[in-house]
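We use all heavy atoms of the structure for the numbers below, so side chains are in, but hydrogens, waters and symmetry mates are not. Computed from a predicted structure; not experimentally measured.
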Amino acid sequence: MLNSFIFIVLPYAALALVIFVTPYRFFSNRLTWSAYSTQFLESKTLFWGINPWHYGIIPVLAAHFLGVLAPGPLKVFLGNQTNLVVIESIGLALGLFAVFGCLGLLLRRVNAPILKRVTFASDWVLLYLLLAQALTGVYIATFMRWGSQWYLHTAVPYLWSLASFNPQIEYMTDFPLVFKLHAACAFLIVALLPFTKLVHLLYVPVHFLMDPPILYRWRTK
């Protein structure tokens, strides 16, 4: 029952929410589409949170997507033991970097009272989910070694079965609970994406290149 909920119900529910809620939010209230710029309110902790988070999580996500799109070449590449060890080490380092950044962003919200007016319940839920996702990923990379290899033989066929609307959850049912939590967090993050500031991931801000520069002046005593 739990496996069916995590690996069938959650992914399709998340996909439905992204497909239907995202365009509704975009066309009904586009002003809430992007994340609020809180750098003017607090910038020191933001620097140590946002940069490690992005530099850590983006390559990890790219590697996950690359595994789905090109599993064959990656199987050949990771079949070399040296390549596998190097990729695993880099992945673990990036995961730890992402955890550090996410903790910084979470503590920033906790310790900066000025941010409370622009922090909503959805922000807290999303931050905790992102932190749980990063922590479980680091745990898997540390204690379930060579994940970049077995990911190609288990999670990738399962994801392709989801795309063909013929979910084959037998690829995932025998994994430990921590891996199932990792997958559940991923699906929950996707499901929450249309309702939170994270939806700005879906927007490519190319129009700003045509905007005139804006000059800011600070008024100080």
J.: Which atom pairs, one a donor and one an acceptor, fall under 3.5 Å between side chains of residues 164-174 and the rest of the protein, sequence neighbours left out?
T.:
unit_1, atom_1, unit_2, atom_2, d
Ser164, OG, Trp160, O, 3.3
Ser164, OG, Ser161, O, 3.0

J.: Using the rule that Ile, Leu, Val, Met, Phe, Trp and Tyr join whenever any side-chain heavy atoms are under 4.5 Å apart, tell me whether Leu106 and Val99 fall into a single cluster.
T.: yes
J.: Does any non-hydrogen side-chain atom of Leu162 lie less than 4.5 Å from one of Tyr12?
T.: yes
J.: Less than 4.5 Å apart, side chain to side chain, heavy atoms only: is that true for Phe187 and Val9?
T.: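 No - every pair of side-chain heavy atoms lies 4.5 Å or more apart.
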J.: Report yes or no: do Val178 and Ile6 belong to one cluster of Ile/Leu/Val/Met/Phe/Trp/Tyr joined by side chain heavy-atom distances under 4.5 Å?
T.: yes
J.: About how many Å separate OG of Ser148 and CG of Leu78, when rounded to the nearest 0.5 Å?
T.: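 If we round to the nearest 0.5 Å, Leu78:CG and Ser148:OG are 4.5 Å apart.
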J.: Any heavy-atom pair between the side chains of Leu15 and Val190 that's under 4.5 Å?
T.: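 Contact flag for Val190/Leu15 side chains = no.
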J.: With the 4.5 Å side-chain cut-off for hydrophobic clustering, are Trp146 and Ile140 part of the same group?
T.: yes
J.: Taking the side chain as every heavy atom from C-beta outward, state whether Leu105 and Ile50 have any pair of such atoms under 4.5 Å apart.
T.: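 Yes, their side chains come closer than 4.5 Å.
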J.: Please round to the nearest 0.5 Å and tell me the distance separating atom CZ of Arg25 and atom OG1 of Thr196.
T.: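 So the CZ of Arg25 and the OG1 of Thr196 are separated by 6.5 Å.
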J.: Measuring from Leu130:CG to Leu126:CG, what's the distance to the nearest 0.5 Å?
T.: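 It comes to 4.5 Å.
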J.: What distance do Met144 atom CE and Trp150 atom CH2 have between them, rounded to the nearest 0.5 Å?
T.: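 Atom-to-atom, Met144:CE and Trp150:CH2 are 4.0 Å apart.
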J.: Using the ring of each side chain (for Trp, its six-membered ring), is Phe97 parallel, tilted or perpendicular to Phe100, with breaks at 30° and 60°?
T.: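 Ring orientation, 0 to 90° scale: parallel.
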J.: Do the non-hydrogen side-chain atoms of Leu129 and Leu192 ever get within less than 4.5 Å of each other?
T.: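 Yes, close enough: below the 4.5 Å cut-off.
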J.: Are His153 and Lys75 side-chain neighbours, meaning at least one heavy-atom pair lies under 4.5 Å?
T.: yes
J.: What's the separation between atom CG in Leu92 and atom OG1 in Thr142, rounded to the nearest 0.5 Å?
T.: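 Taking CG in Leu92 and OG1 in Thr142, the distance rounds to 4.5 Å.
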J.: Answer whether the closest heavy-atom distance between the side chains of Leu66 and Leu74 falls below 4.5 Å.
T.: yes
J.: Establish whether Phe195 and Leu10 are linked, either directly or via other cluster members, by ILVMFWY side-chain heavy-atom contacts under 4.5 Å.
T.: no
J.: Using the six-membered ring wherever Trp is involved, compare the ring planes of His64 and His182 and label them parallel, tilted or perpendicular (cut-offs 30° and 60°).
T.: tilted
